[in-house]
Amino acid sequence: MSKVGHSERWKPKRSLSRWSERAIKFIFGAFALISIATTLGIILSLVFETIEFFQEVPIGRFLTDTEWTPLFANPKYGIFVLISATFLTSVIALLVAIPVGLMTAIYLSEHASQQTRRYLKPALEVLAGVPTVVYGYFALLFVTPILQIVIPGLEVFNALSAGLIMGIAILPTVASLSEDAIYAVPQSLRQGAYALGATKQETIQNVVLPAALSGIVASVILAIARAVGETMIVTIAAGQNPRLTLDPRLSVQTMTAFIVQVSLGDAPTASLEYKTIFAVGMTLFLITLILNMVSFWFVNRFREKYD
Amino acid sequence: MQIDAVIDEETVLQVENVSVYYGAFPALRGVYLEIPKNKITALIGPSGCGKSTLLRCLNRLNDFILGARVEGRVRFGGMNLYDKSVDPVEVRRRIGMVFQVPNPFPKSIYENIAYGARINGYQGNVDELVEIALKDAALWDEVKDKLKNSGLSLSGGQQQRLCIARALAIEPEVLLMDEPCSALDPISTGRIEELMHELKQKYTIVIVTHNIQQAARISSYTAFFSTDESRTGQMVEFGPTTRIFGQANDPRTRDYVEGRFG
């Protein structure tokens, strides 16, 4: 065919597409910027209000007081009172969510038939869709009365049932994300292990799980972040009683529950009570940030990268 | 079907009337084959003819394919691999396998080899075993100073030799190779072919290959597979490689080895 004929038959409209490509890049970039700007804005407002808070309350008292009574006539600001409650409910929740979630993930990915997996995984994800307020009242009105039969001294509001139900609430996060990571490990690695005379259990334990480690740790970190930040369940079921304790039978107040308590009252803007929320919020943010950094280090140190 | 009346060799595996079904579909039908000891046997044929399927019957790796069913018998040292009393894990310890795409574990070079020894309860010195296996696979000189590095840091050809070393470390009696060079460059391929010549002194090797010249170069015996009209695989002819490539009995075999296959 002649050269002229060729150029007549092929006429792509590239001049227009060059502009639209540029526009699309700009629009998408702008949207990406929104999420970054929002995060930055939140951090900045936290930082400024927190700085103002610490101009009135010395940081030493914030870290060493053993009482948390910011709304009293003679206020005390011992943040570890609230941290102990958040720590207690989160640990109970994770003791439920991590082992049960991981075993569920391993079962779904490695043992369940295709049929079982098809029904069980969506069912599990439904659990994640239950509103947390429902979980909160379920803990308070159903789980606590049952636990009170077997555990003497269990208060009506208590860290135990709030923690247990919070564990159920975040279980799908662990199970679903871990399952994705485990399922994504290439079949060729499993076959390599089987071909060496490894049993199914050995293959999962020594080859599949180490290769999926980064995804599993990510799911656990997300679960921790959700447990630490979870508000509704602990506010409803664990109570509003700030005390420095690790006794799961008692009523406690978590950091998030305190923020709810003050927000629901009528603390005027710029008052010290109002600024307290930001100091607590900042503490929550720092805890989550540190957890993220630790997990980042952990994953880089121990993961077995397969691609 | 054509089989040389008598294979004048000691054989270690006898495939007797093996058929493989994926669900209702027969992927391979009625294969008889004998694998001679300390020789390289090549399985050749067009895509989808069931040669890899047959290879995976020999160490029961088909067990993991959903809906796969094997009929017939595979005799190995007097037992039928598909007998109910046979433990497939033990079968795979004695019949090793190397795969098409190198699949080292994402662990250190050392650990890649020590792993099989550990799970199989090896009682000897693991350091020595690693060294011997790497030497047998002609990889020792290249990696002896970096045994702690990840197996995935090696080149493709080195990774495949690591996989061979890993298979050799558990002292199998038979080594199955499923197109072990198809993902490698010609130089790496040459090194692995040389290695196979060394290995057949000690091991019985069964290799699936798409590369007809490779089969001609390295194997002593060749089995040619093809498909019938319903896309079911079958073995067409089996015999010494020189005869299969020189004067095959079946016209389909002659067409294939001479590159005239439609």
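Just so we're on the same page: letters track the sequence lines, and every chain starts at 1.
Checked by atom type and distance alone, the side chain of N120(B) pairs as donor or acceptor with a backbone atom of L196(A) at under 3.5 Å.
At a threshold of 4.5 Å between non-hydrogen side-chain atoms, the residues S113(A) and L66(B) do not count as touching. At a threshold of 4.5 Å between non-hydrogen side-chain atoms, the residues D63(B) and Y194(A) do not count as touching.
Dense packing is recorded around CE of M196(B), with more than 12 heavy atoms of other residues, nucleotides or ligands lying under 6.0 Å away. When the shell of 6.0 Å around NZ of K146(B) is examined, it contains more than 12 heavy atoms from other residues, nucleotides or ligands. Atom OH of Y183(A) sits in a sparse spot, with 12 or fewer heavy atoms from other residues, nucleotides or ligands closer than 6.0 Å. Residue Y135(A) qualifies as enclosed at atom OH: its count of foreign heavy atoms under 6.0 Å is above 12.
Smallest separation of non-hydrogen atoms from F99(B) and G192(A): CE1-CA, 3.9 Å. The two residues Y115(B) and A198(A) come nearest to each other via the heavy atoms OH-CB, 4.1 Å. Nearest heavy atoms, P106(B) versus L189(A): CD-CD1, 3.8 Å. For the pair N206(A) and K107(B), the tightest heavy-atom approach, listed with the atom from each and the gap, is O-NZ, 2.6 Å.
Ranked by non-hydrogen atom pairs under 4.5 Å with chain A, the options V89(B), L61(B), I170(B), I95(B) are led by V89(B). Chosen from R166(B), E90(B), R60(B), M97(B), the residue pairing most often with chain A at heavy-atom distances under 4.5 Å is R166(B).
For chain B, the nearby part of P210(A) is the side chain; its heavy atoms alone come within less than 4.5 Å. Using a 4.5 Å cut-off between heavy atoms, R56(B) contacts chain A through its side chain alone, with no backbone atom that close. Looking at P172(B), there are no atoms closer than 4.5 Å to chain A (heavy atoms on both sides), in backbone or side chain.
Rounding to the nearest 0.5 angstrom, the gap separating the CD atom in Q205(A) from the CD1 atom in I119(B) is 11.5 Å. Of the inter-residue distances, the one linking N103(B) atom CG with R190(A) atom CZ reads 12.5 Å to the nearest 0.5 angstrom.
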Discussion item. Walk me through whether F64(B) and K200(A) qualify under side chain to side chain contact (heavy atoms under 4.5 Å, CB included).
Written reply: CA-CA 10 Å; F64(B) 296 105; K200(A) 188 154 194 167; 5.6 Å; no
